[in-house]
Structures are given as C-alpha cells and as structure tokens.
Protein chains: 2
Amino acid sequence: MGEGSEKAPAKTRRGRGAEAGDERIRERNTRAILRASAELFAEKGYEGVSMLQIAKATGLPRANVYYYFDTKEDIYRALISELIHGWELALRHISPENSPEQALTAYVHAKLDYARLHPIQSRLFASEILGGAKFLTRRDRDYMHALTRERVLVLEQWMAEGHIRKVDARHLLMLLWGATQFLSLSEPLACDTLETGTLRPADFDAAARTISGIVLSGVLL
Amino acid sequence: MGEGSEKAPAKTRRGRGAEAGDERIRERNTRAILRASAELFAEKGYEGVSMLQIAKATGLPRANVYYYFDTKEDIYRALISELIHGWELALRHISPENSPEQALTAYVHAKLDYARLHPIQSRLFASEILGGAKFLTRRDRDYMHALTRERVLVLEQWMAEGHIRKVDARHLLMLLWGATQFLSLSEPLACDTLETGTLRPADFDAAARTISGIVLSGVLL
DNA sequence: AAATAAGTTGACACCTGTGTCAGCTTATAT
DNA sequence: ATATAAGCTGACACAGGTGTCAACTTATTT
C-alpha cells in the first residue's frame with residue numbers, strides 16, 4: 001500500500017578523518033528503530049504494536065519516527081524482507097558437495113545457531129508465517145520455494161544413490177524446520193520442559209545433537 | 001484482572017419434550033462467540049482483534065457480545081484454558097503400557113490428527129506460546145510440566161531397558177512437538193513446499209509417516 | 001556568516017477501539 | 001393477562017491509535 005519513498009540525504013564527506021559513530025544520523029536512527037521494533041513485533045504481532053511503543057523503545061519522540069518511516073507497515077515490511085537471510089544461510093549446507101552426514105549435521109547446527117543468536121528475528125519470522133505470511137511478497141515466497149526445491153533435489157539424489165533411506169524429502173525438510181525452530185519459538189514451554197529459567201547455549205547444543213543424532217541414524221543407510 | 005462473573009440463567013425445563021436447538025440461548029451464543037473469536041485470535045493475535053470483528057464474525061451486534069463476556073480478555077482466557085486438552089490427549093500415548101514403536105507412532109499420528117482437525121486451536125496455542133504464554137495460568141503450566149515429566153520418565157525407562165537409544169528425552173519430546181506442529185502452524189510455507197493450494201489429509205498422513213518413520217528408526221535399537 | 005539542507009518536535013484532526021448503560025424486546029412462569 | 005427474568009441494542013464517554021504539519025533547532029556547505 002505505501003510507496004517506498006526514500007528520502008535521500010545528501011551524503012557528504014567531512015574534510016578531516018571521519019570520527020566513528022556520529023556520522024550518518026539517518027542510518028543510525030533507522031537501524032535503531034528497526035532493532036527496537038523487531039522485538040516488539042515478534043512479541044505482540046503487527047497490530048499489537050503502536051508507533052508510540054516503537055518510539056519509546058527506540059528512545060525517540062513519536063513524530064521523529066515518522067520522519068524516517070512513513071507508516072508502521074513500512075517498518076514491518078523492512079524487517080520482514082531481511083528475514084529470509086537466516087533461512088537461506090542454513091539451507092546452503094544441504095549441498096551435493098557435502099556428504100549427507102556433514103550436510104544434515106551442519107544444517108541443524110546452523111539453524112539452531114541462528115535461533116540462538118537471532119531469537120527475535122526467528123520469532124518475528126514465525127509470527128509472520130503463523131499470521132498467514134501476509135507481508136511476504138510473492139517474490140520472497142517464490143525465492144524461498146526455489147531454494148526449497150533445490151534442497152529437495154539434493155536429498156532425492158542422495159536417496160537415488162543409496163546414501164540415505166527413501167523418505168519424502170519435502171516432509172524431511174519440514175521435520176527439520178519444525179524441530180530446529182521449536183526451542184526459540186516456544187521458549188516458555190522449552191524452559192518449563194528443561195527446568196531452566198532461560199535457554200543457555202548448552203541447551204541449543206543439546207538440541208542440535210539430539211536432533212541431528214536422531215535424524216541421521218533415522219535416514220542413513 | 002476481570003473477575004469471572006458468571007450470569008447464571010434460571011435454567012428451566014419446558015413442559016413438553018424439548019425441541020432441539022432453540023433452547024439455552026446463552027450456551028449457543030457463548031459457543032458461537034468462542035468459535036468465531038478463536039479463528040481471529042489465531043490469525044491476528046490478541047491485540048490484533050477487536051470486539052467489533054468478533055461480533056461481526058459471530059453475527060451478533062457488538063453490545064450483545066458484551067452481554068456474554070465482560071471483556072475481550074475474558075473471551076481469550078476462556079479459549080486458552082481449553083487448549084491443553086489436545087496436548088494432553090496425544091501425549092497419553094507415550095505410556096509404559098505401549099511398546100516404544102506403538103507409542104511413538106500413535107503419538108505422532110494423534111498429534112497430526114489433532115492439527116488437521118483443529119487447526120485453529122493449534123494455531124491459537126502456538127500464537128499464545130510465541131507471544132510469551134502470558135495468558136497461561138501458573139496452574140496450566142505446572143500441569144503441562146507434570147505431564148511432560150511423566151513422559152520423560154517413560155522414555156528414560158525405555159532407554160534403561162535397552163528398547164531405545166540413549167538420547168536426551170526432553171529434547172526428543174521437543175523434536176516431536178516441533179515436527180508435528182509445523183504443518184498446520186506454517187501452512188503457507190508448507191503449501192509452497194508441497195506445491196499444493198491447501199493441506200489435504202494425505203499431506204498430514206505423509207507427514208505422520210515420514211516423522212514416525214525417521215524418528216523410530218532413529219531411536220529404536 | 002549566511003544560506004541551505006537535515007533533523008526534531010508539539011500540536012492537531014481524525015479514526016478506531018473499549019466498556020457501560022438505560023431502555024427496549026422477547027421468552028418463561030404464575 | 002400479567003409479572004418477571006433473560007436477552008438485545010443504539011448511543012455515549014473515554015482512551016489510545018494513526019498520520020500530518022508548520023515551526024523550530026542543529027548540522028553542513030559555500
């Protein structure tokens with residue numbers, strides 16, 4: 001609905017060696033807004049967050065946020081379009097250049113590392129999908145679909161070559177997605193289950209080992 | 001915050017044999033409101049839904065909804081407290097009376113059946129957890145925790161007896177939760193991946209077979 | 001130092017949402 | 001038929017949300 005109207009600041013270089021930090025106010029504030037709003041959106045969903053909340057969390061007056069983003073939707077969309085990166089990064093490990101063992105282990109660990117290091121992005125992505133993926137563009141979805149299809153072909157190749165058991169490659173991928181997302185998305189349940197107050201790196205590590213262990217001995221021949 | 005103020009209708013019996021349907025208006029409308037609002041909450045989250053939307057979806061004027069529920073929170077809480085049922089139902093299959101094969105297969109199928117037959121409840125539950133489980137009471141969480149602990153003990157028993165491989169039982173449970181939830185929670189992604197417009201029973205069946213197949217041959221000795 | 005562009009802000013107009021209430025209609029009991 | 005309770009509803013007061021704007025301040029250029 002909103003056109004991506006970018007206000008181009010006149011980028012100018014200082015004569016002297018640029019002091020770190022206080023240059024490019026626009027860049028800094030834009031990032032701060034995105035950072036703060038991601039957490040809010042992940043927790044409360046798109047409608048659950050007001051511009052006032054975003055402004056307060058950023059430490060800016062509300063009207064100032066509007067100087068950088070025309071609408072709340074613009075902020076949300078800017079966040080969403082960044083999210084596919086993590087998805088892609090982990091999936092790349094499932095490649096014909098790796099052995100199935102390497103590939104699946106690396107994938108599971110990469111996915112859980114991402115979940116541990118970027119819990120907010122993980123939750124925001126899940127929240128967007130759960131809400132019907134209404135802000136993902138067709139382009140984004142097509143791109144994800146293409147990525148998925150490539151991995152399906154890799155897995156099916158391994159099956160044809162007798163490296164792994166013949167299962168539905170698509171459902172295997174979804175099993176991995178679901179299993180590797182659970183920890184960060186369902187943090188309250190996971191904490192209750194693990195009888196811990198907060199998820200520690202060791203918990204992610206244990207999850208990675210359990211998941212890759214079970215899936216590997218489940219599919220390897 | 002809101003006290004559970006129940007307006008007790010004077011339940012009276014008709015003289016003649018009660019005609020089906022048009023008795024107990026209160027019960028019928030209360031159910032209609034819960035039914036309609038569950039779908040909305042699941043999709044948009046608590047804050048994303050207005051009483052007007054609920055009223056429209058129910059087919060009642062807004063003020064009439066307030067006749068049955070004092071606040072929006074009351075509606076949401078009424079829904080949340082029903083959700084643990086599905087959780088519990090599937091978990092019961094993991095019992096010392098079953099063999100590990102039976103138990104795990106039955107669990108996976110039960111969980112996916114529930115997801116297929118009650119997609120709205122599944123999503124609502126996920127949405128509540130993702131949002132931080134803010135409306136689950138301590139009692140609810142303790143109960144779920146107790147249920148989980150029992151299953152962990154069953155699994156560890158099987159490990160001690162040499163029926164299944166030694167893995168972290170808690171993470172095995174979470175693997176199952178995550179894998180069996182993915183299909184209905186991430187419906188848009190699942191549809192893209194499976195190249196289908198809507199999830200059909202066959203898709204749930206394929207998921208159940210893939211998940212139980214991989215996990216079984218992953219943990220059985 | 002003067003001019004210009006970038007950044008900041010309080011206030012405004014407007015809309016949507018919540019919860020309440022008095023008074024209405026319909027059903028049930030006597 | 002009349003009384004009483006259950007159910008329904010339009011209108012209201014209030015709180016909070018969105019997006020805009022003119023005027024102000026600060027930075028950068030010339």
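All chains are named by letter (A, B, ...) in the order of the sequence lines, taking the proteins before the strands, and each is independently numbered beginning at 1.
Following rounding to the nearest Å, B:Ile25 (CD1) and D:dA5 (P) show an atom-to-atom distance of 17 Å. We find that CD1 of B:Ile54 is positioned 12 Å from C1' of C:dT18, with the value rounded to whole Å. Summarising the geometry, the separation between NZ on B:Lys56 and C1' on C:dG17 is reported as 13 Å, rounded to the nearest angstrom.
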Nucleotide-resolved protein contact map, nucleotides 9-26 of chain D, B/S/- at heavy-atom distance under 4.0 Å:
BB------SBBB------
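Annotation: salt bridge (charged side-chain N to carboxylate O under 4.0 Å, His left out) contacts of A:Asp192 (sequence neighbours excluded): B:Arg141. Scanning for salt bridge (charged side-chain N to carboxylate O under 4.0 Å, His left out) contacts around A:Lys56 gives an empty result, with sequence neighbours left out.
Residue A:Asn29 has no polar side-chain atom (N or O) positioned under 4.0 Å from OP1 or OP2 of C:dA6. Close to D:dC8, at under 4.0 Å from its OP1 or OP2, lies a side-chain N or O of B:Tyr68. Taking only side-chain nitrogens and oxygens, B:Arg26 never comes nearer than 4.0 Å to OP1 or OP2 of D:dA6.
With contacts defined as side-chain heavy-atom distances shorter than 4.5 Å, the pair A:Phe182/B:Leu175 does not qualify.
For A:Arg139 and A:Asp142, the salt-bridge test fails: no basic side-chain N is under 4.0 Å from an acidic carboxylate O.
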Start with the C-alpha distance between A:Arg116 and A:Asp113, add both sets of side-chain angles, then the distance that settles salt bridge (Lys or Arg N to Asp or Glu O under 4.0 Å), and finish with yes or no.
CA-CA 5 Å; A:Arg116 176 168 58 88; A:Asp113 277 352; 3.4 Å; yes
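Each of A:Thr30, A:Thr58, A:Asn29, A:Asp74 was compared with A:Tyr68 under the side chain to side chain donor-acceptor pair (under 3.5 Å) criterion, and only A:Asn29 meets it.
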